[in-house]
Amino acid sequence: MTAPIVVAGASMAGLRAAEQLRAAGWDGPITLVGDEPHMPYNRPPLSKEVLAGKATFDSLAFRPRASVADVRWRLGATIVRAALDRQVVELDDGETLPYRGLVVATGMRPRRLRCPGPVAGRHTVRTLADARGLREVLTRPGARVVVVGAGFIGCEVAATAVALGAAEVTVVDPLPLPMVGPLGELLAGALLARHRDRGVRFALGAGVTAFRGEDRVTGVALADGRVLAADVVVESVGSVANTEWLEGNGLDLSDGVLTDEHLRAGGRPDVIAVGDVARFPNARYDGVPRRVEHWSIPTDTAKHAAKVLTAHLTGADHALAPFAPLPTFWSDQHDFRLHSFGAPALGKDDVRVLDGGLDGDVLVGYHRDGRLVGVVALGGQRAAAAAARYRAELLQQPAPTA
C-alpha cells in the first residue's frame with residue numbers, strides 16, 4: 001500500500017492543505033491528524049460571536065470539499081515525534097504512520113503567564129472548549145474581568161465582555177497602547193480612545209507580577225504596585241508554536257518552522273509547513289522569514305505548498321515564483337472593525353492618514369522607504385471600502401529590488 005501524505009494538524013490549515021493537494025493533482029492517500037475531537041472549524045468568531053452567544057459550533061465548522069471525502073481523519077490524536085529521515089511520525093497512542101510527504105500544520109497554542117498564584121479563574125481563547133468555558137463565567141452577574149494583553153484577542157474579548165454586561169473590564173499590557181505592535185502609535189491611540197468611550201478600562205505600561213487569591217483568582221498584581229480586583233482573568237499574551245514533536249530533526253524551530261521561499265522545511269522537498277506555524281520569507285517585501293498569524297495565511301500557504309509537494313512526489317516541475325502573499329486581517333471590536341491589507345508592521349515609521357479622520361472612519365497607510373506596504377481601516381463601511389480600493393495597488397506593486 002502506498003504511504004500517504006500525512007497532514008499534522010486538523011484545523012483550518014490542515015483542511016486547506018488536504019483540499020489543495022487534491023486540487024494540485026495528488027490522488028494518493030491523505031491522513032489528517034488532529035488533537036481536538038472536532039472537525040476543522042473557524043476560530044476568529046470564538047472571541048466574538050461564540051463568546052457573545054450568537055454562534056454555535058455547527059455554524060463554525062468548515063464544510064470540506066467533496067475532493068477530500070476519502071481522506072482518513074485521526075481526530076483526538078496527537079503526533080508526539082517525527083523521524084524525518086525515516087519518513088515516519090508517531091502518535092500518542094503508539095501508532096506509527098509512515099508517509100511519503102509531510103505537511104506541518106500544527107499551529108499555535110496560547111502562551112501562559114508564569115506568575116505565582118492560583119490557576120483557577122484564568123482563561124485563554126483558542127479552542128471551542130476555551131470559549132464555552134469563558135462564556136459561562138463572563139455571563140455571571142457582576143463579573144469583574146481583567147484581560148491580560150492588549151492585542152487582537154485581548155481587545156476583542158474586552159469588547160465582548162462589555163457587551164455581555166460585565167461590571168468592570170480592564171485590559172492590562174506592559175506596552176503604552178493597545179495593538180501598537182501591528183498598528184503603530186497613531187492608530188493605536190485612536191483605538192484606545194474608542195475602547196475607553198465604550199467602557200473598557202486600561203492599565204497600560206505595567207505587566208502582571210502575581211495573581212492573588214486562595215483557591216481561585218480574586219486579584220491581579222501589577223509591576224507598578226496596583227492590584228486589580230478580578231473574578232475572571234483572560235490571558236492573551238501571545239502564542240507558542242506547536243513544534244516540539246519535530247525536535248531532533250535538524251530543523252530551525254526557534255519561532256515556528258523555518259521554511260524556504262516555497263514553504264519547504266529545512267531543505268527537505270518532502271516536508272512543507274503551512275498556516276501560522278510556518279516562518280517564511282515573503283518575496284513581496286524582503287527575504288526576512290516571518291510567521292504571519294492572519295486568517296488568510298492558512299489558505300495562501302496551502303495553495304502554494306501543495307503544488308510544491310505534489311510536484312516533488314509526482315516528479316513534475318512546479319515552476320512557481322517564490323511565495324509572495326498579501327496578508328489580510330480584520331478584527332471586530334464593539335461597533336467598529338479594523339481591516340488591513342499588506343504588512344503595516346513593516347511601515348510603522350512612516351504612517352499617513354489616507355482617507356477620513358481619526359475621530360471617525362479612517363484609512364491609514366504604512367510606508368517603507370517611501371513605498372506603501374500596508375493599509376489599515378478603522379471604523380465602518382466607508383473605511384473598509386477605502387481599504388479595498390488600495391488592495392489592488394498593493395497587489396500590483398513589484399517586489400523591491402535587492
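Here, residue 1 is the first one in the sequence, and each next residue gets the next number.
- Residue Phe280 is tested with Val257, Val292, Val274, Leu258 for a side-chain contact (heavy atoms from CB on, under 4.5 Å); the sole match is Val292.
- The side-chain contact (heavy atoms from CB on, under 4.5 Å) test with Val33 is passed by exactly one of Arg74, Glu95, Arg72: Arg74.
- Ion pairing between Glu293 and Arg291 holds under the 4.0 Å rule for side-chain N and carboxylate O.
- Remark: the backbone N or O of Leu313 is paired with a side-chain donor or acceptor of Arg100 at under 3.5 angstrom.
- Here the CG-CZ distance, from Leu186 to Arg352, works out to 12.5 Å after rounding to the nearest 0.5 Å.
- By the 4.0 Å N-to-carboxylate-O rule, Arg194 lies too far from Asp335 to be salt-bridged with it.
- Under a cutoff of 6.0 Å and an axis angle of 45°, Arg16 and Phe62 form a cation-pi pair.
- For the pair Arg43 and Tyr41, the distance from NZ or CZ to the six-membered ring centre is under 6.0 Å and the angle to the ring normal is within 45 degrees.
- Sparse packing is recorded around CG of Asp215, with 12 or fewer heavy atoms of other residues, nucleotides or ligands lying under 6.0 Å away.
- Here the side chain of Ser340 pairs no donor or acceptor atom with the backbone of Thr328 at under 3.5 angstrom.
- Aromatic ring centres of Phe341 and Phe329: separated by at least 6.0 Å.
- Formation of a donor-acceptor pair under 3.5 Å by the Asp286 side chain with backbone atoms of Val288 is found in this model.
- The only option from Arg126, Arg122, Arg109, Arg114 that meets the salt bridge (Lys or Arg N to Asp or Glu O under 4.0 Å) definition with Glu235 turns out to be Arg122.
- Ser47 places no side-chain N or O within donor-acceptor distance of the main-chain N or O of Val157, the cut-off being under 3.5 Å.
- Using a 4.0 Å cut-off between a side-chain N of Lys or Arg and a carboxylate O of Asp or Glu, Asp332 and Lys48 do not qualify as a salt bridge.
- A salt bridge is absent between Asp270 and Arg268: the closest approach of a Lys/Arg side-chain nitrogen to an acidic carboxylate oxygen does not fall below 4.0 angstrom.
- A donor-acceptor contact shorter than 3.5 Å is absent between the side chain of Asp276 and the backbone of Gly107.
- The main-chain N or O of Leu346 is never found under 3.5 Å from a side-chain atom of Tyr285 such that the two would form a donor-acceptor pair.
- Look at Asp349 and Arg368 and you find no salt bridge, because none of the NZ, NE, NH1 or NH2 atoms lies under 4.0 Å from a carboxylate O.
- Ion pair Arg382/Asp355 flagged as a salt bridge, since at least one NZ, NE, NH1 or NH2 atom sits closer than 4.0 Å to an Asp/Glu carboxylate oxygen.
- The aromatic rings of His195 and Phe202 stand perpendicular to each other, their planes meeting at an angle above 60°, with 30° marking the opposite boundary.
- Ionic pairing of Asp92 and Arg81 is not present here: no N-O contact between side-chain nitrogen and carboxylate oxygen is shorter than 4.0 angstrom.
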task: Give the C-alpha distance, both sets of side-chain angles, the deciding distance and a yes or no for side chain to side chain contact (heavy atoms under 4.5 Å, CB included) between Leu309 and Ile5.
output: CA-CA 10 Å; Leu309 180 58; Ile5 291 178; 4.1 Å; yes

